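Note sheet for the following structure.
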Amino acid sequence: MTKIFVMYTGGTIGMITDYETGVLKPFTFEQIIENVPELRRMDYELTIHSFESIIDSSDMTPEIYATLAELIRDNYDNHDGFVILHGSDTMAFTASALSFMLENLSKPVIFTGSQLPISAVRTDAKENFITALEIASAKVDGRSRVPEVCIYFENKLFRGNRTFKYNSAKFEAFRSPNYPVLVEAGVHIKYNDAAVLKSDGAKLKVHTNLSNAIAVLKLYPGISAQIIDAVLNSDAQAIIMETFGAGNTTTAKWFLDKLKNAIAGGKIILDISQCKVGSVEMGRYQTSSELKKMGVMNGYDMTFEAAVTKLMYLLGRNYPKDRLLRRLSTSLRGELTKN
Ligand code: ASP
């Protein structure tokens with residue numbers, strides 16, 4: 001029988017309305033199961049790990065990412081796949097982090113949750129959970145069909161580190177505009193096998209040391225020198241700079257000088273775009289060719305979530321600087337496409 005390890009961290013999926021206060025409060029996993037009697041009819045053996053404190057995903061931390069990665073490591077050999085029930089708000093960060101932390105993954109790790117609690121009459125939770133289990137157990141010739149960290153939501157399976165939450169009101173909460181959908185579930189479950197990462201069968205390596213020595217500089221016309229200084233002169237070792245269009249910034253000398261000085265002082269600056277679709281193209285416009293010359297790193301089409309967690313992971317590996325920089329602009333887990 002297929003064995004799936006299910007981790008329950010919290011989120012709307014496991015909440016119920018407190019009738020006295022009208023506030024959503026968490027359920028236990030047993031209450032979730034009671035709401036999905038279909039699970040008892042399915043051909044899986046589920047091992048359940050329910051976290052001691054069931055949280056809204058806004059309270060997620062890198063320490064919890066490490067716990068999830070360790071649970072996967074400790075249960076890897078005797079399970080066929082993993083499903084993580086998680087709040088949707090920060091699901092794309094956790095999925096991106098796990099994709100970097102789990103090197104040589106050869107089994108599915110599927111995140112899912114819902115926009116309405118599992119106890120609600122119109123809930124989207126049941127379909128999300130049941131199909132996530134089905135995809136986590138799918139195999140071809142004895143090998144997992146989707147051996148990567150993914151998000152399953154509203155009929156679609158996305159690569160986790162390509163995904164972001166874009167809608168808090170619709171069931172269709174996630175998008176992955178820079179990478180194709182891996183699976184679509186309708187009457188049939190259709191796998192886009194060509195888009196799925198291939199496992200080379202190497203042994204799983206789990207990296208749990210993450211660094212949060214990062215900062216974010218979101219540019220806007222009129223940003224002051226004081227704000228730029230506050231970010232560049234902070235303790236952060238790496239700064240994610242959210243730029244305009246294909247990776248552009250102002251050409252003002254004072255601004256470029258500040259970036260140059262920060263890089264000379266050892267800071268890593270990563271250029272990702274504020275656009276959700278498309279890629280940074282350093283050198284396409286004069287503005288970004290200046291950035292390229294001074295050593296700003298190209299983030300290509302990485303999501304903000306992937307950029308944050310990739311830097312946490314790379315800084316945590318304590319690589320020599322040149323190795324870290326090479327890996328930052330290289331696809332490690334399918335998180336970027338070079339143009
Ligand atoms: N606030 C919830 C969370 O992220 C929303 C959800 O689960 O969809 O935990």
Side-chain angles (χ1 to χ4, degrees), residues 6-19 21-36 39 48-69 71 82-99 109-133 135-136 149-176 181 185 210 212 216 276 303-306 308-309 312:
V6 179
M7 285 158 269
Y8 172 45
T9 67
T12 301
I13 190 166
M15 299 211 175
I16 188 165
T17 309
D18 182 315
Y19 289 106
T21 61
V23 166
L24 284 173
K25 60 175 196 188
F27 247 17
T28 62
F29 195 82
E30 289 66 42
Q31 290 169 299
I32 292 193
I33 298 280
E34 273 166 34
N35 278 272
V36 197
L39 286 176
I48 311 297
H49 179 93
S50 191
F51 277 66
E52 224 165 89
S53 54
I54 297 303
I55 57 166
D56 187 293
S57 73
S58 305
D59 281 323
M60 265 291 152
T61 60
E63 290 71 33
I64 307 179
Y65 300 165
T67 306
L68 288 168
L71 280 166
F82 298 82
V83 170
I84 303 179
L85 301 177
H86 191 293
S88 64
D89 289 351
T90 69
M91 187 183 285
F93 287 92
T94 312
S96 298
L98 268 278
S99 77
V109 174
I110 315 283
F111 280 80
T112 196
S114 63
Q115 295 281 61
L116 280 178
I118 208 154
S119 55
V121 179
R122 287 193 308 108
T123 188
D124 52 330
K126 283 189 194 185
E127 194 281 327
N128 284 349
F129 187 21
I130 288 171
T131 309
L133 289 170
I135 295 171
V149 180
C150 303
I151 290 181
Y152 180 77
F153 227 89
E154 189 62 5
N155 304 324
K156 292 193 175 94
L157 186 80
F158 305 98
R159 175 168 299 160
N161 58 32
R162 290 289 196 156
T163 310
F164 57 88
K165 183 170 180 181
Y166 91 106
N167 200 320
S168 61
K170 286 195 176 175
F171 287 151
E172 198 195 342
F174 290 92
R175 281 203 174 166
S176 148
V181 168
L210 298 177
N212 67 355
V216 179
K276 294 293 192 186
T303 59
F304 175 65
E305 291 81 347
V308 167
T309 54
M312 286 182 162

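Whatever order the structure lists ligands and atoms in, that order sets their numbers, starting from 1. Since this is a predicted model, take the numbers as computed values, not measurements.
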Nitrogen or oxygen of [X] less than 3.5 angstrom from that of ligand 1:
X     : value
Thr90 : no
Ser57 : yes
Ser58 : no

Checklist entry - With a 4.0 Å heavy-atom cut-off (strictly under), which part of Gln115 contacts ligand 1: side chain, backbone, both or neither? => result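 It is the side chain that gets close, since no backbone atom is under 4.0 Å.
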
Checklist entry - Could Lys276 and Phe164 be counted as a cation-pi pair, given that NZ or CZ must be under 6.0 Å from the ring centre and within 45° of the axis? => result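 Ring-cation test returns yes.
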
Next on the checklist: I'd like to check which ligand 1 atoms, numbered from 1 as shown, lie under 4.0 Å from a non-hydrogen atom of Gly11.
Outcome noted: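 This gives 7 (O), 9 (O) as the contact atoms.
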
Next on the checklist: Within the structure, is a non-hydrogen atom of Ser114 found at a distance of less than 4.0 Å from ligand 1?
Outcome noted: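 Within the 4.0 Å threshold, so yes.
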
Roughly how far, to the nearest 0.5 Å, is [atom2] of [Y] from [atom1] of [X]?
X      : Y      : atom1 : atom2 : answer
Ile32  : Ile54  : CD1   : CD1   : 7.5 Å
Leu85  : Ile13  : CG    : CD1   : 4.5 Å
Glu305 : Asn161 : CD    : CG    : 10.5 Å
Asn155 : Glu127 : CG    : CD    : 5.0 Å

Next on the checklist: What protein heavy atom lies closest to atom 5 (C) of ligand 1? Include the residue and the distance to one decimal.
Outcome noted: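 Scanning the protein heavy atoms, the shortest distance from atom 5 (C) of ligand 1 goes to Thr12 OG1, 3.2 Å.
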
Checklist entry - Of the choices Ser168, Ser88, Gly10, which has the non-hydrogen atom that lies closest to atom 8 (O) of ligand 1? => result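 It is Ser88 whose heavy atom sits nearest to atom 8 (O) of ligand 1.
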
Next on the checklist: Tell me whether the rings of Phe111 and His86 are parallel (<30°), tilted (30 to 60°) or perpendicular (>60°).
Outcome noted: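 Plane angle over 60°, so perpendicular.
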
